[in-house]
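Report on one structure; see the data block that follows.
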Amino acid sequence: MVRSTVKELINSKDFDRDVLLKGWVRTRRGNNRVAFIAVNDGTSIHNIQVVADMESFPESVMKRVTTGSSIAVKGKLVQSPGKGQNVEIQAGKIEILGDSNPETYPLQKKGHSFEFLREIAHLRMRSNTFGAVFRIRHAAAFAIHKYFNDKGFYYLHTPIITASDAEGAGAMFRVTTLDLENLPRDEQGQIDYQEDFFGRSTNLTVSGQLEGELGALALSAIYTFGPTFRAENSNTPRHVAEFWMIEPEMAFYDIHDNMDLAEEFLKFLISYILENCRDDLDFLNQMVDKGLLDRLGFILENRFERTTYTEAIEILRKSGQKFEFPVEWGLDLQAEHERYLVEKHYKRPVILTDYPNEIKAFYMKQNDDGRTVRAMDVLFPQIGEIIGGSQREEIYEKLVGRMQQMNIPEKELWWYLETRKFGTVVHSGFGLGFERFLMFITGMSNIRDVIPFPRTPKNAEF
RNA sequence: UCCUCAGUAGCUCAGUUGGUUAGAGCGGCGGACUGUUAAUCCGUAGGUCGAAGGUUCAAGUCCUUCCUGGGGAGCCA
């Protein structure tokens, strides 16, 4: 007999047929006459109830049906006479696939703190919340590929190991095969990286953007979606050392095309999750974050307001609102400022453009005013910035000028600069931190709870 | 890295101005119960009080250092 999943069975109306179910026991209730076994196989947030007449099964088997054990059940799918579920399985045969000692199995039927579950990350996916989170994580990843593929973008695999440490996006992890106990030295006593695997110093990537631009300037539109590494000693609910990032780059797109894409992309992802993960979202909305569904609706129902950084500073200064951090032209906006603009002033998502060049990266398109660049930040309620991007500087001389000002070594990025020498075009792109997006769409408040096995300072367990 | 709060049973926590043998709920185990819904009721076991050092007649409680975790800040996605 073919195994049916919980997802198939709980939605089925084809009753009184024989089915085969395999899964893990979540809870067990009952008395000496009848046992109610809640089984979950990860295909749904819901469990299916297996009903077993105690006298039909040997005690030696029923004793082993404990929380966490894996079982196979052959039985009849029937309409449930009890409240709380539509269908259940009247068990005909129960086989224990794998025992689970109830005295040592750490997951109980009562709720656990996320902090505790993080310590048992190898088992936490068996809990309701983490099952929901990781089903949504999958759906979001799939939706990202679907969106870009349907739009004619190419998925470009930018390198994970990079020799460039000029990207300026934070501290990097070194990649080496040198013997750390016995490092080769040159005449000056410096470490001799010519002896290293690549013949030079290499690191894990902090961004695929620069290589992504090379792809866009050949294939018209590309996106990257891969792991990214930051060796910063950041201990916050919003940072991990290894995370996933989505970075589209588009030739012939100016800043306005870029904003259009970002808005359409985010709305598509949210609609896709709402359509395909409704049960999981309902669960999270009820158990984790009561404002979740309203907030997702808020994004879908509103056109993103577009304005400039300079205008935003004016609004904040005139607001009469007391902020913890100062509001002044030239300073970066804090999350509290971004949230005020979105939640109080515009009451809709906001895209800010034209930031002071001093607080933005070297590759951003310089405006004619000489002091702002064509950056764009997409701001969401609750979290502030969710997407950061820009039109890129395509004029060789201007780009080099900026690199010199900011002490970015031109020699190392010769390949990046050559794209501005040979057939340069207007182009744009942006970056979306995948886990930051997942926090928004699941309502989870710690980034370590939206990635299966988080890497943070002093923690690389699992 | 800085600031701050916390660490007591498998989990979530209480524990008085330092004072006898460290408690509860849940979970586990045993029992009762004819369809349960985080079942209910009765009973029961379970502790290196994060680690090391110190003060004291006496430390879960006070002091020092360290470790781990939460929140905030910085860095940033």
Side-chain angles (χ1 to χ4, degrees), chain A residues 26-38 46-55 63 66-68 78 80-86 88 90 100-120 123 127-128 167-172 205-209 224-247 287 324-325 332 334-336 359-361 377-378 380 383-389 430-440 445-451 454 456-459 461:
Chain A
R26 281 291 178 78
T27 67
R28 181 178 162 183
R29 298 176 293 272
N31 50 49
N32 52 16
R33 302 267 304 194
V34 60
F36 302 94
I37 308 160
H46 301 295
N47 302 325
I48 192 161
Q49 175 160 284
V50 172
V51 184
D53 277 321
M54 293 300 279
E55 54 191 25
K63 263 184 100 78
T66 59
T67 303
V78 297
S80 177
K83 287 173 193 154
Q85 62 280 320
N86 296 319
E88 63 187 30
Q90 279 292 341
S100 174
N101 183 343
E103 285 181 36
T104 51
Y105 184 63
L107 286 171
Q108 303 168 178
K109 37 184 150 183
K110 295 269 172 172
H112 287 297
S113 69
F114 292 150
E115 289 80 12
F116 171 70
L117 290 169
R118 222 172 278 151
E119 292 170 12
I120 51 166
L123 296 172
S127 67
N128 287 331
E167 287 156 12
M172 303 177 92
T205 183
V206 292
S207 164
Q209 183 199 315
T224 73
F225 184 4
T228 310
F229 307 88
R230 303 279 167 88
E232 241 105 43
N233 190 11
S234 299
N235 294 287
T236 84
R238 300 178 308 283
H239 292 85
V240 275
E242 177 183 289
F243 62 100
W244 290 63
M245 190 153 63
I246 299 103
E247 295 174 293
M287 302 300 288
E324 193 183 340
F325 293 91
D332 213 348
Q334 300 288 328
E336 56 168 345
I359 57 172
K360 290 294 181 182
D377 282 5
V378 181
F380 267 17
I383 56 170
E385 180 189 334
I386 184 143
I387 274 181
F430 61 79
L432 171 68
F434 188 46
E435 285 77 14
R436 294 262 175 101
F437 174 75
L438 287 172
M439 289 171 73
F440 182 78
S445 56
N446 193 313
I447 198 168
R448 297 162 205 199
D449 297 331
V450 297
I451 187 167
T456 52
K458 302 276 186 284
N459 187 0
E461 193 74 54

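Bear in mind the structure is a predicted one, so any value in this text is a computation, not a measurement.
Between the CD1 atom of A:Ile37 and the P atom of B:G35 there is a distance of 16 Å, rounded to whole Å. Atom-to-atom, CD of A:Glu242 to C1' of B:C76 comes out at 17 Å; the value is rounded to the nearest Å. If you measure from atom CZ of A:Arg33 to atom P of B:C33, you get 11 Å, rounded to the nearest angstrom. For the pair A:Glu55 CD and B:G35 C1', the computed distance is 14 Å after rounding to whole Å. Look at CD on A:Glu385: it is 9 Å from C1' on B:C76, rounded to the nearest Å. Going from atom CZ of A:Phe229 over to atom C1' of B:C76 covers 16 Å, rounded to whole Å. Between the C1' atom of B:U12 and the CD atom of A:Glu119 lies a distance of 13 Å, rounded to the nearest Å. Computed from coordinates, the A:Glu461 CD to B:U68 P distance equals 13 Å when rounded to whole Å.
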Pair pattern of RNA chain B in dot-bracket, where unpaired bases get dots and | marks partners in another strand, Watson-Crick or G-U under 3.5 angstrom = (((((((..((((.....[...)))).(((((.......))))).....(((((..]....))))))))))))....
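Residue A:Phe36 is classed as a base contact, given a heavy-atom separation below 4.0 Å to a base. Across all strands, A:Glu88 comes closer than 4.0 Å to base atoms (heavy-atom distances). Nucleic acid contact for A:Ile387: none, since no nucleic acid atom lies under 4.0 Å from a heavy atom of the residue.
Of the possible polar contacts, none joining the A:Glu435 side chain to the A:Ile451 backbone as a donor-acceptor pair under 3.5 Å is found. Panel note: side chain A:Ser234, backbone A:Thr236; no donor-acceptor pair is recorded below 3.5 Å. Formation of a donor-acceptor pair under 3.5 Å by the A:Glu88 side chain with backbone atoms of A:Asn86 is not found in this model. Distance alone, capped at 3.5 Å, places no donor-acceptor pair between the A:Asn233 side chain and the A:Asn235 backbone. A:Glu247 places no side-chain N or O within 3.5 Å of a backbone atom of A:Gly431 that could act as its donor or acceptor partner. Here the side chain of A:Arg26 pairs no donor or acceptor atom with the backbone of A:Lys109 at under 3.5 angstrom.
Taking only side-chain nitrogens and oxygens, A:Lys63 comes nearer than 4.0 Å to OP1 or OP2 of B:G30.
Residue A:Gln108 places a side-chain atom within donor-acceptor reach of the base of B:G10, judged by atom type and a 3.5 Å distance cut-off alone.
To the nearest whole angstrom, the two P atoms, one in B:A38 and one in B:C2, are 46 Å apart. Distance check on atom P: B:U61 versus B:C42 gives 35 Å, rounded to whole Å. Using C1' as the reference atom, B:G43 and B:C67 are 40 Å apart when rounded to the nearest Å. B:G19 and B:A24 have their C1' atoms separated by 23 Å, with the value rounded to a whole Å. Between B:C49 and B:A9, the distance separating the two C1' atoms is 10 Å to the nearest Å. The separation of B:A45 from B:U34, taken at their P atoms, amounts to 28 Å, rounded to a whole angstrom. Comparing the C1' positions of B:G46 and B:C11 gives a spacing of 13 Å, expressed to the nearest Å. B:G47 sits 11 Å from B:G23 when the C1' atoms are compared, rounded to a whole Å.
Relative to the side chain of A:Asn459, the nucleotides B:G69, B:C11, B:U34 differ in distance, and B:G69 lies closest.
Comparing A:Phe243 and A:Pro457, the nucleotide of RNA chain B nearest to each residue sits closer to the 5' end for A:Pro457. Both A:Val51 and A:Glu103 lie close to RNA chain B; mapped to their nearest nucleotides by heavy-atom distance, the more 5′-ward contact belongs to A:Glu103.
Within the 4.5 Å cutoff, side-chain heavy atoms of A:Phe225 are placed close to those of A:Trp244. Counting heavy atoms from C-beta on, the side chains of A:Gln108 and A:Thr67 never come closer than 4.5 Å.
Note: A:Asn47 CG to A:Asn128 CG = 6.5 Å, rounded to the nearest 0.5 Å. The CG atom of A:Asn446 sits 7.5 Å away from the CD atom of A:Glu115 when rounded to the nearest 0.5 Å.
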Pairwise N/O distances under 3.5 Å, protein to nucleotides 70-74 of chain B:
unit_1	atom_1	unit_2	atom_2	d
B:G70	OP1	A:Arg118	NH1	2.5
B:G70	OP1	A:Arg448	NH1	3.1
B:G70	OP2	A:Arg448	NH1	3.2
B:G74	OP1	A:Gln334	OE1	2.9
B:G74	OP1	A:Gln334	NE2	3.4
B:G74	N2	A:Asn233	O	3.3

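For the pair A:Val206 and A:Thr228, the tightest heavy-atom approach, listed with the atom from each and the gap, is O-CG2, 3.1 Å.
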Intermediate values then yes/no, side chain to side chain contact (heavy atoms under 4.5 Å, CB included), A:Val378 and A:Leu432 | CA-CA 10 Å; A:Val378 181; A:Leu432 171 68; over 6 Å; no
Taking protein heavy atoms under 4.0 Å as touching, what does nucleotides 37-49 of chain B look like 5' to 3' if B marks base contact, S marks sugar-phosphate-only contact and - marks none?
-> BBB----------
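Counting heavy atoms of neighbouring residues, nucleotides and ligands inside a 6.0 Å radius, atom CE of A:Met54 exceeds 12 of them.
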